[in-house]
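All remarks here apply to the structure that follows.
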2 protein chains.
Amino acid sequence: MTTETPTARSSRGGRDRRAERHAATREEIIAAAWEQVREHGLAGLSLRDVARAVGMRPPSVYSYFESKAAIYDAMYAEGNAAFLEHVLSVPPLDNPHATLRHAATSFMHFAMEDTSRAQLLFQRTVPDFEPSPESYAMALQALEHTRALLRTVGARRKGDIDVWTAMLSGLVTQQISNDPDGTRWIDRCDDAVDMFLAWIDTR
Amino acid sequence: MTTETPTARSSRGGRDRRAERHAATREEIIAAAWEQVREHGLAGLSLRDVARAVGMRPPSVYSYFESKAAIYDAMYAEGNAAFLEHVLSVPPLDNPHATLRHAATSFMHFAMEDTSRAQLLFQRTVPDFEPSPESYAMALQALEHTRALLRTVGARRKGDIDVWTAMLSGLVTQQISNDPDGTRWIDRCDDAVDMFLAWIDTR
DNA sequence: GTCTATATTTGGATAGAC
DNA sequence: GTCTATCCAAATATAGAC
């Protein structure tokens with residue numbers, strides 16, 4: 001395979017400038033790819049345009065990614081890393097209910113700040129795309145964090161997390177597809193969380 | 001435009017066999033298009049394949065639809081008609097809560113019975129697609145029906161319907177993207193409805 | 001690693017004969 | 001209305017020189 005990171009030279013002592021540059025160029029390509037899906041939609045990713053954006057001819061991209069699918073895969077991994085980081089960065093407030101409320105709003109903003117990324121991460125509408133195991137592992141880690149958060153408000157039943165994720169993903173889906181530039185469903189987020197909390201508390 | 005229904009001949013007395021046949025062929029084409037998106041995804045619609053499926057050469061399709069977008073438009077209209085019919089066909093049960101619960105489950109089954117259709121109707125991920133006014137009117141009519149249904153259970157506030165649609169669309173989205181062949185989120189539908197009803201009742 | 005050149009496929013759409 | 005023939009554009013991907 002021609003797309004692997006060049007062999008490290010640490011055995012020779014210094015940094016491997018070659019590998020560093022290779023990784024940096026990969027990053028450049030991925031960044032250009034994000035730019036393009038934000039512009040033309042998730043399905044509108046073209047190797048030609050990506051190549052042009054980074055100042056290459058199309059064939060040169062193949063020195064960094066063996067196929068277009070590999071680029072999607074890298075984007076998915078990067079998106080999941082960002083999501084996990086985001087999830088872990090939400091600070092605990094002074095009570096669990098407030099924390100959950102804030103986490104929900106925060107999630108919606110994460111999704112809306114890049115709707116193509118949200119589509120890739122949470123709806124996976126890319127044709128013939130299967131996430132790599134390591135990316136999926138990150139997604140599971142984020143889910144586990146959510147599970148823990150839900151436990152703090154007393155949501156312990158098996159199906160609770162599915163109701164929660166459905167509710168949140170629904171708010172995001174509606175916001176994206178019916179009011180992409182507004183806040184109509186974002187404005188309902190607190191209501192939805194309160195509804196969920198009341199349900200947990202009173203049943 | 002070459003794609004309009006041929007001029008009616010009712011002034012000459014009899015039925016217009018020409019127009020009937022034209023409409024029938026249009027239907028055939030749309031049916032083949034549905035078949036194809038069910039197979040290859042919503043974005044995987046190709047005029048060539050549609051033409052072949054109905055026994056035509058590609059250019060002949062242009063006698064029935066002026067462009068690929070026009071086919072999507074017709075599909076959207078047909079999907080909305082089916083949805084409206086479905087919504088109106090849900091029978092009232094002996095109490096409003098039971099009726100709403102049944103309507104929700106019924107909606108999920110409608111969505112899952114053709115996920116490409118659900119994607120077209122409720123997520124609109126087709127590139128550069130804008131629904132025609134008459135299709136949109138049908139969608140609004142279905143929404144109005146839902147609004148009326150929600151009123152019967154006491155959900156009268158402005159944002160209630162948005163919470164409801166978010167919840168339902170979220171259950172469907174999660175079901176489609178994370179468990180397309182199972183019932184994981186379908187199984188949570190009654191829980192979600194009960195949560196919603198409790199929220200309406202107790203606030 | 002990057003390029004030129006090219007293969008190959010596939011797509012939407014049009015012109016014009018019949 | 002349907003066809004043949006064709007155009008044009010875009011896409012992924014490979015071969016091989018430099």
Side-chain angles (χ1 to χ4, degrees), chain A residues 1-9 16-30 32-33 35-37 39-75 126-129, chain B residues 1-9 16-30 32-33 35-37 39-75 126-129:
Chain A
M1 215 201 296
T2 61
T3 56
E4 274 169 12
T5 302
T7 310
R9 302 294 172 77
D16 187 343
R17 306 189 72 90
R18 169 104 73 100
E20 282 171 16
R21 187 181 173 101
H22 187 88
T25 305
R26 265 183 73 101
E27 275 309 310
E28 252 189 280
I29 291 170
I30 297 174
E35 197 58 43
Q36 228 205 311
V37 299
E39 184 90 0
H40 300 104
L42 201 46
L45 183 63
S46 144
L47 289 190
R48 293 179 153 209
D49 294 349
V50 167
R52 189 154 36 88
V54 298
M56 281 179 182
R57 303 298 158 201
S60 304
V61 175
Y62 288 86
S63 296
Y64 298 92
F65 294 94
E66 70 176 334
S67 71
K68 184 178 167 176
I71 296 183
Y72 275 123
D73 213 81
M75 293 169 80
V126 186
D128 310 315
F129 170 66
Chain B
M1 216 204 292
T2 61
T3 55
E4 272 169 13
T5 302
T7 309
R9 302 295 172 78
D16 186 344
R17 308 189 70 91
R18 170 102 75 99
E20 282 171 17
R21 188 182 173 101
H22 187 87
T25 303
R26 265 182 72 102
E27 274 310 309
E28 254 189 278
I29 290 171
I30 296 174
E35 196 60 43
Q36 229 206 310
V37 299
E39 183 90 1
H40 301 104
L42 201 46
L45 183 62
S46 145
L47 289 190
R48 287 169 124 86
D49 293 349
V50 167
R52 190 153 36 89
V54 298
M56 282 178 181
R57 305 298 158 198
S60 303
V61 175
Y62 288 87
S63 296
Y64 298 93
F65 294 94
E66 71 176 333
S67 71
K68 185 178 167 177
I71 297 183
Y72 275 122
D73 214 81
M75 293 169 79
V126 185
D128 310 315
F129 171 67

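Order of the sequence lines sets the chain letters (A, B, ...), proteins ahead of strands, with each chain counted from 1.
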Below 4.5 Å, heavy atoms only, C-beta onward: do [X] and [Y] meet side chain to side chain?
X	Y	answer
B:Ile30	B:Glu27	yes
A:His22	A:Arg26	yes
B:Met56	B:Tyr64	yes
A:Val61	A:Ile71	yes

Open item on the list: Pick the closest DNA chain C nucleotide for A:Pro58 and for B:Pro59 by heavy atoms, then say which residue is nearer the 5' end.
Closed with: A:Pro58
Task: Nearest-nucleotide pick for B:Leu47, side chain only, options being C:dC3, C:dG1, C:dG12 - done: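 When the side chain of B:Leu47 is considered, C:dG12 is the closest of C:dC3, C:dG1, C:dG12.
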Does a side-chain N or O from [X] land closer than 4.0 Å to OP1 or OP2 of [N], or not?
X	N	answer
A:Tyr64	C:dT2	yes
B:Ser60	D:dC3	yes
B:Arg57	D:dT4	yes

Whole-Å distance between [N] [atom2] and [X] [atom1]?
X	N	atom1	atom2	result
A:Asp49	D:dA10	CG	C1'	9 Å
B:Arg18	D:dG1	CZ	P	6 Å
A:Arg21	C:dT2	CZ	C1'	11 Å
A:Tyr62	C:dT4	OH	P	16 Å
B:Tyr72	C:dG12	OH	C1'	12 Å
B:Glu28	D:dT2	CD	C1'	14 Å
A:Gln36	D:dA11	CD	P	8 Å
B:Phe65	C:dA13	CZ	P	13 Å

Open item on the list: Which residue is it: B:Val50, B:Leu47, B:Leu42? I am looking for the one with a side chain to side chain contact (heavy atoms under 4.5 Å, CB included) to B:Gln36.
Closed with: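 In the set B:Val50, B:Leu47, B:Leu42, the residue that makes a side chain to side chain contact (heavy atoms under 4.5 Å, CB included) with B:Gln36 is B:Val50.
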TODO: For A:Ile71, report the nucleic acid contact type (base, sugar-phosphate, nothing); a contact means any heavy atom under 4.0 Å.
DONE: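 No contact.
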TODO: Answer yes or no: side-chain N or O of A:Arg48 and base N or O of D:dA11 forming a donor-acceptor pair under 3.5 Å.
DONE: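 Flag set: donor-acceptor pair detected.
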